[in-house]
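Remarks on the structure that follows.
Just so we're clear, the structure is a prediction, and the values are computed from it rather than from any experiment. FYI, side chains are in, hydrogens and waters are out, and symmetry mates aren't considered; it's all heavy atoms of this structure.
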Amino acid sequence: MFPIMIDLSDQKVVIAGGGSIAFHKVENLLRFGIRPHIVSPKCHPAIEQLAADGKIFIHRKKVEWTDLEDAFLIMLVTDDKEVNAQMAKLAVLHGKLVVHAEHNDLGNAQIPAVLIRGKLMISVSTGGASPTLSTKIRNQLEHEFDERYEDYLDFLFDARQYIKSHIHDRPERRIWLKKAVETRYLEYPEEREYYMTELFSRYPAF
Ligand SMILES: C[C@@]1(CC(=O)O)c2cc3[nH]c(cc4nc(cc5[nH]c(cc(n2)[C@H]1CCC(=O)O)[C@@](C)(CC(=O)O)[C@@H]5CCC(=O)O)C(CC(=O)O)=C4CCC(=O)O)c(CCC(=O)O)c3CC(=O)O
Ligand SMILES: NC(=O)C1=CN([C@@H]2O[C@H](COP(=O)(O)OP(=O)(O)OC[C@H]3O[C@@H](n4cnc5c(N)ncnc54)[C@H](O)[C@@H]3O)[C@@H](O)[C@H]2O)C=CC1
């Protein structure tokens with residue numbers, strides 16, 4: 001498995017199956033601003049509600065290849081093992097990203113447990129050994145990587161953008177980038193202000 005971050009905002013995501021596991025997958029997608037298509041003859045009431053609110057799309061039918069062929073990412077969560085396996089095989093063959101929620105080896109992608117602190121994202125996966133352990137580790141990391149990281153990451157992002165466009169000497173760039181990850185900049189917002197003030201005065205914008 002190769003870990004990678006993918007921008008799915010302009011991509012079609014289809015979930016085959018509309019039960020409780022599908023609902024869990026939908027909730028996860030929605031927090032990333034992704035509006036999936038659900039293909040399922042019957043759906044969990046919470047999925048029906050999301051469709052009524054215009055947040056997702058439901059196609060009330062049994063899944064067929066034509067429902068999946070223009071998708072970028074496919075999640076197979078019907079309770080029909082044969083259907084899941086058959087669709088996974090076709091989708092992998094056509095080069096799709098495929099999550100097979102029951103037998104991950106029939107797909108080619110898996111969903112990790114995720115901790116989000118603004119621009120910081122920490123993903124934990126056990127390769128299907130124990131989603132419960134992934135969740136436990138994610139929950140432990142929540143304490144070390146607390147809410148302070150949200151503003152801190154914004155500071156790091158702004159500093160780095162400025163450095164990239166104003167410091168052309170690479171060793172000098174590295175000095176500034178390395179300095180920004182010193183703990184005091186996480187702990188004290190005023191230290192971030194001193195850093196930026198010093199950066200602007202050493203490398204004026206014009
Ligand atoms: C392979 C994978 C495929 C995939 O990508 O879907 C998969 C497969 C399976 N999960 C099962 C069960 C559970 N899954 C969870 C929870 C999560 N499962 C997630 C991912 C993955 N699950 C992928 C591997 C990731 C990894 O290895 O790290 C998380 C991390 C992300 C997400 O789904 O959003 C999310 C936590 C998110 C969060 O809280 O943020 C809980 C609840 C809990 O533990 O809290 C249980 C009940 C306890 C248990 O059984 O362990 C079963 C057995 C089904 C059965 O009973 O038959 C299978 C199938 C099998 O392996 O047989
Ligand atoms: N990855 C994970 O975290 C987990 C995965 N699973 C697996 O997920 C699958 C689904 O579990 P649940 O949501 O609990 O089941 P469920 O019984 O709640 O829902 C099944 C859904 O599949 C739909 N369906 C059935 N045949 C279909 C078809 N031919 N085409 C389209 N949709 C169809 C049904 O209408 C229903 O909406 C199971 O295979 C289970 O083993 C289960 C637990 C955790």
_Pairwise side-chain hydrogen bond (donor to acceptor under 3.5 Å, both in side chains) hits with a residue in residues 154-168, at least two apart_ = Lys119-Asp154
With side chains defined as the heavy atoms from C-beta onward, is the minimum distance between [X] and [Y] less than 4.5 Å?
X: Phe57; Y: Arg35; answer: yes
X: Arg138; Y: Ile122; answer: no
X: Leu30; Y: Leu50; answer: yes
X: Val14; Y: Pro36; answer: no
X: Val39; Y: Thr78; answer: no
X: Gln86; Y: Trp65; answer: no
X: Ser125; Y: Gln110; answer: yes
X: Tyr149; Y: Leu156; answer: no

_Quick test of your reading of the model: are Arg202 and Glu172 salt-bridged, counting only N-O distances below 4.0 Å?_
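Between Glu172 and Arg202 there is a salt bridge, with a charged N closer than 4.0 Å to a carboxylate O.
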*Asp146 bridged to Arg117 by N-O distance under 4.0 Å*: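 So Asp146 does not pair with Arg117 through a salt bridge.
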N/O donor-acceptor pair under 3.5 Å between [X] side chain and [Y] backbone:
X: His103; Y: Leu106; answer: no
X: Asn108; Y: Lys96; answer: yes
X: Asp67; Y: Glu64; answer: yes
X: Arg174; Y: Asp169; answer: no

Over 12 foreign heavy atoms within 6.0 Å of [atom1], [X]:
X: Lys178; atom1: NZ; result: no
X: Lys89; atom1: NZ; result: no
X: Tyr188; atom1: OH; result: no
X: Arg31; atom1: CZ; result: yes

_Check for me whether the distance between the ring centres of Tyr185 and Tyr152 falls short of 6.0 Å._
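That pair fails the under 6.0 Å test.
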_Given Glu191, Glu193, Glu190, the one that forms salt bridge (Lys or Arg N to Asp or Glu O under 4.0 Å) with Arg184_ = Glu191
*Evaluate the ring planes of His59 and His37, with Trp represented by its six-membered ring, and classify them as parallel (under 30°), tilted (30 to 60°) or perpendicular (over 60°).*
parallel
*Contacts of Asp79 that satisfy side chain to side chain donor-acceptor pair (under 3.5 Å) - sequence neighbours left out*: none
Taking atom [atom1] of [X] and atom [atom2] of [Y], what is their separation to the nearest 0.5 Å?
X: Met87; Y: Glu82; atom1: CE; atom2: CD; value: 11.0 Å
X: Ile34; Y: Ile56; atom1: CD1; atom2: CD1; value: 13.5 Å
X: Leu8; Y: Phe72; atom1: CG; atom2: CZ; value: 6.0 Å
X: Leu115; Y: His143; atom1: CG; atom2: NE2; value: 10.0 Å
X: Lys179; Y: Trp176; atom1: NZ; atom2: CH2; value: 5.5 Å

_Glu69 vs His94, side-chain contact (heavy atoms from CB on, under 4.5 Å): CA-CA, chis, key distance, verdict_ = CA-CA 8 Å; Glu69 63 184 351; His94 283 81; over 6 Å; no
*Option among Ile137, Val114, Asn139 that satisfies the side chain to side chain contact (heavy atoms under 4.5 Å, CB included) test with Val124*: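 The single option meeting the side chain to side chain contact (heavy atoms under 4.5 Å, CB included) with Val124 is Ile137.
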_For Val26, run the side chain to side chain contact (heavy atoms under 4.5 Å, CB included) check against Val13, Ile21, Ile15, Val77 and tell me which one passes._
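Only one of Val13, Ile21, Ile15, Val77 forms a side chain to side chain contact (heavy atoms under 4.5 Å, CB included) with Val26, namely Ile15.
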*For Ile58 and Ser40, run side-chain contact (heavy atoms from CB on, under 4.5 Å): C-alpha distance rounded to whole Å, both residues' side-chain angles, the deciding distance at 0.1 Å, then the answer.*
CA-CA 7 Å; Ile58 296 183; Ser40 183; over 6 Å; no
*Kindly determine whether Lys62 and Asp80 satisfy salt bridge (Lys or Arg N to Asp or Glu O under 4.0 Å), including the steps that lead there.*
CA-CA 10 Å; Lys62 288 187 171 183; Asp80 186 327; over 6 Å; no
*Please lay out, stage by stage, how Leu73 and Met75 fare under the test side-chain contact (heavy atoms from CB on, under 4.5 Å).*
CA-CA 7 Å; Leu73 170 64; Met75 297 189 182; 3.9 Å; yes
_Can a side-chain donor-acceptor contact be found between Asp7 and Ser9 if the only test is distance below 3.5 angstrom?_
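A pair is found: one side chain offers a donor N or O, the other an acceptor, under 3.5 Å apart.
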*Residue pairs fulfilling salt bridge (Lys or Arg N to Asp or Glu O under 4.0 Å) with at least one residue in residues 44-56, sequence neighbours excluded*: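 Applying salt bridge (Lys or Arg N to Asp or Glu O under 4.0 Å) to every pair that reaches into residues 44-56, excluding sequence neighbours, yields Glu48-Arg60.
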